[in-house]
Amino acid sequence: MKRRTGQDQTITRAWRPATQAVRGGTARSEFGETSEAIFLTSGYAYDCAADAAARFAGEQTGMTYSRLQNPTVEMLENRIALLEGAEACRSMATGMAAMTAVLLCQLQQGDHLVGGRAAFGSCRWLTDTLLPKFGIETTVVDARDPQAWIDATRPNTKVFFFETPANPTMDVVDLKAVCAIAKERGITTVVDNAFATPALQRPMEWGADVTAYSATKMMDGQGRVLAGAVCGTSAFINDVLLPFTRNTGPTLSAFNAWVVLKGLETLDLRIRRQSENSLKVGQFLEKRVPKILHPGLASHPQHNLAMAQMDACGPIFAFEVEGGRKQAHGLLDALALVDISNNIGDSRSLMTHPSSTTHYGVAEDKRIEMGVTENLLRLNVGLEDPQDVIEDLDQALAQVGL
């Protein structure tokens, strides 16, 4: 590959996803390095004052300040956009920085947003607490029901915002149906695709306008750094999102961008193996626990929809015990191999009790409405031998009477 081949989209868009994930967006320096370089710099120098003025005026290409551009960060953004099938991408310091920016950049006082009821705790805080502080009305609905989106729509509705699969209840949203409802009404659809990543699901192919990510999860995939990303049309990213991020500064560091670039090289391999492992673990647990919420299992009420939209089930699912928090915490405490951790997307198997961790900040009545009960546990299945994970779960379940 020549020095600038990776940035030539007339070439890279013809590559298949596995190739894009390894080489897309790469820009080599004059040294010809094979691994992407890390540009740890806050600013850039110019040959003359006229060049500086031209860059700030948008009349000359080039870097001005690392809050706005950085060569390593730009490589990551180009690669994610390729994988997503999007025209452009803007990275962020964290997943929640991405979710906050993608909403605030396009909403203002008097606007209305409809959001999925089942969502990550901090995303529910955005819709329930932050947006109303700015005079933005919000309504949450059962995102699985297309009619609910229609019923919640108002003349001032500007955005539909949802996750699929949702965290942690694994609700699956009909992307084609909900995105069509939005398009008919001139509403922008923002999909949090962190659980699936573009390796398993590309919402834009189903009609979504914008996808948002916690790249901390499967994109890094090894529990190392925080990162976020937003993908959309060039017009949305450059004309709507960029003015917001330029002036508020949720900037991704060059080092974190480099780590995620390395993670993307193995994303396809990792998420497919973890999906296989997750299915095996889910099949074991289905026989041992009162309820399991796993989109890869035929018992999931939206199994057929999930498998139509996704290439595999993903590494994450939830299940319920019957003895409330005491039994749930007892099961976690009995684990010997699986870590107690509120993170997901890691190459290690992790389990958490959402009601007391990731969704602790959500009011109890809203947690119950979402299905985040005291009985619910969320499991991220990693790259270990699935039989070792099963054996660990087996002994832990036995200790709590299951």
Side-chain angles (χ1 to χ4, degrees), residues 1-45 55 61-95 97-98 194 197-199 211-231 234 237-238 242 245 249-271 345-347 383:
M1 188 175 81
K2 302 299 185 289
R3 279 180 56 193
R4 298 293 172 181
T5 301
Q7 293 201 321
D8 186 344
Q9 292 192 4
T10 63
I11 297 173
T12 58
R13 288 198 180 278
W15 288 345
R16 291 163 181 82
T19 306
Q20 291 174 338
V22 175
R23 293 183 176 272
T26 300
R28 289 176 176 151
S29 74
E30 66 273 17
F31 297 108
E33 66 280 350
T34 54
S35 180
E36 298 84 1
I38 306 176
F39 289 85
L40 292 178
T41 181
S42 58
Y44 305 88
R55 288 191 196 177
T61 60
M63 305 288 164
T64 58
Y65 191 58
S66 280
R67 175 159 47 84
L68 305 177
Q69 315 102 345
N70 176 280
T72 311
V73 173
E74 187 175 82
M75 284 190 274
L76 174 65
E77 291 169 346
N78 288 340
R79 185 169 298 178
I80 293 175
L82 278 175
L83 291 171
E84 190 67 33
E87 291 179 0
C89 170
R90 188 77 180 172
S91 61
M92 309 282 169
T94 68
T197 81
T211 54
Y213 287 98
S214 170
T216 307
K217 309 304 188 288
M218 290 301 304
M219 288 187 180
D220 168 33
Q222 289 149 88
R224 300 171 296 188
V225 298
L226 302 179
V230 177
C231 298
S234 295
I237 297 298
N238 296 324
L242 181 55
T245 59
T251 309
L252 180 64
S253 76
F255 177 78
N256 286 17
W258 182 84
V259 173
V260 179
L261 275 166
K262 297 292 99 183
L264 287 176
E265 292 180 3
T266 60
L267 171 62
D268 188 74
L269 298 173
R270 287 183 287 104
I271 200 166
D346 202 303
S347 58
L383 289 170

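For the 3.5 Å distance criterion, the side chains of Lys262 and Ser35 qualify, holding a donor opposite an acceptor. Side chains of Thr12 and Arg79: no donor on one and acceptor on the other come within 3.5 Å. When only modelled atom types and interatomic distance are considered, Tyr44 and Gln69 share no side-chain donor-acceptor pair under 3.5 Å.
Taking Arg270 as the reference, Thr266 meet the side-chain hydrogen bond (donor to acceptor under 3.5 Å, both in side chains) condition, with sequence neighbours excluded. Qualifying side chain to side chain contact (heavy atoms under 4.5 Å, CB included) partners for Ile11, counting only residues two or more places apart in sequence or in other chains: Thr5, Asp8, Trp15.
Scanning all heavy atoms of the two residues, the minimum distance from Ile237 to Cys231 falls at CD1-C, 4.0 Å. What you find for Gln20 and Leu82 is that their closest heavy atoms are OE1-O, 3.4 Å. Nearest heavy atom pair, residue Thr197 against residue Met218, reads CG2-CB, 3.4 Å. Nearest heavy atom pair, residue Val260 against residue Ala215, reads CG1-CB, 4.3 Å. For Ser253 against Asn256, the heavy-atom pair with the smallest separation is OG-N, 3.0 Å. Contact detail for Ala199 and Ile271: the closest heavy-atom pair is CB-CG2, 3.9 Å.
Between the Ser214 side chain and the Gly228 main chain, no donor and acceptor come within less than 3.5 Å of each other. Counting only distance, with no hydrogens or angles, the side chain of Asp220 and the backbone of Val225 share a donor-acceptor pair below 3.5 Å. With hydrogens and angles ignored, the 3.5 Å screen pairs a side-chain donor or acceptor of Thr245 with a backbone N or O of Leu242. Thr94 contributes no side-chain N or O that, together with a main-chain N or O of Leu226, makes up a donor-acceptor pair within less than 3.5 Å. Within the 3.5 Å criterion, the main-chain N or O of Ser347 finds no donor-acceptor partner in the side chain of Gln222. Not a single donor-acceptor pair under 3.5 Å links the side chain of Arg23 to the backbone N or O of Gly6. With hydrogens and angles disregarded, no donor-acceptor distance shorter than 3.5 Å links the side chain of Arg67 to the backbone of Thr251. Counting only distance, with no hydrogens or angles, the side chain of Ser66 and the backbone of Thr41 share a donor-acceptor pair below 3.5 Å.
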* Test side-chain contact (heavy atoms from CB on, under 4.5 Å) on Leu252 and Asn70 and set out the steps. => CA-CA 9 Å; Leu252 180 64; Asn70 176 280; over 6 Å; no
* Mind running side-chain contact (heavy atoms from CB on, under 4.5 Å) on Tyr213 and Glu84 for me, showing each step along the way? => CA-CA 11 Å; Tyr213 287 98; Glu84 190 67 33; 2.4 Å; yes
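With contacts defined as side-chain heavy-atom distances shorter than 4.5 Å, the pair Glu36/Thr72 does not qualify. Looking at heavy atoms from C-beta onward, Met219 lies in side-chain contact with Pro198 at the 4.5 angstrom threshold. Side chains of Leu264 and Ile80 form a contact here, defined as non-hydrogen atoms less than 4.5 Å apart.
Put simply, OG1 on Thr216 and CE on Met92 are 13.0 Å apart, with the number rounded to the nearest 0.5 Å. Rounded to the nearest 0.5 Å, atoms CG (Asn78) and CG (Leu83) are 11.0 Å apart. In this structure, Ser29 OG and Arg3 CZ are separated by 6.5 Å, a value rounded to the nearest 0.5 Å. From Gln7, atom CD reaches atom CD of Gln9 across 9.0 Å, with rounding to the nearest 0.5 Å. Between the CE atom of Met75 and the CG atom of Leu261 there is a distance of 6.5 Å, given to the nearest 0.5 Å. For the atom pair CZ of Arg90 and CG of Asn238, the computed distance is 8.5 Å after rounding to the nearest 0.5 Å.
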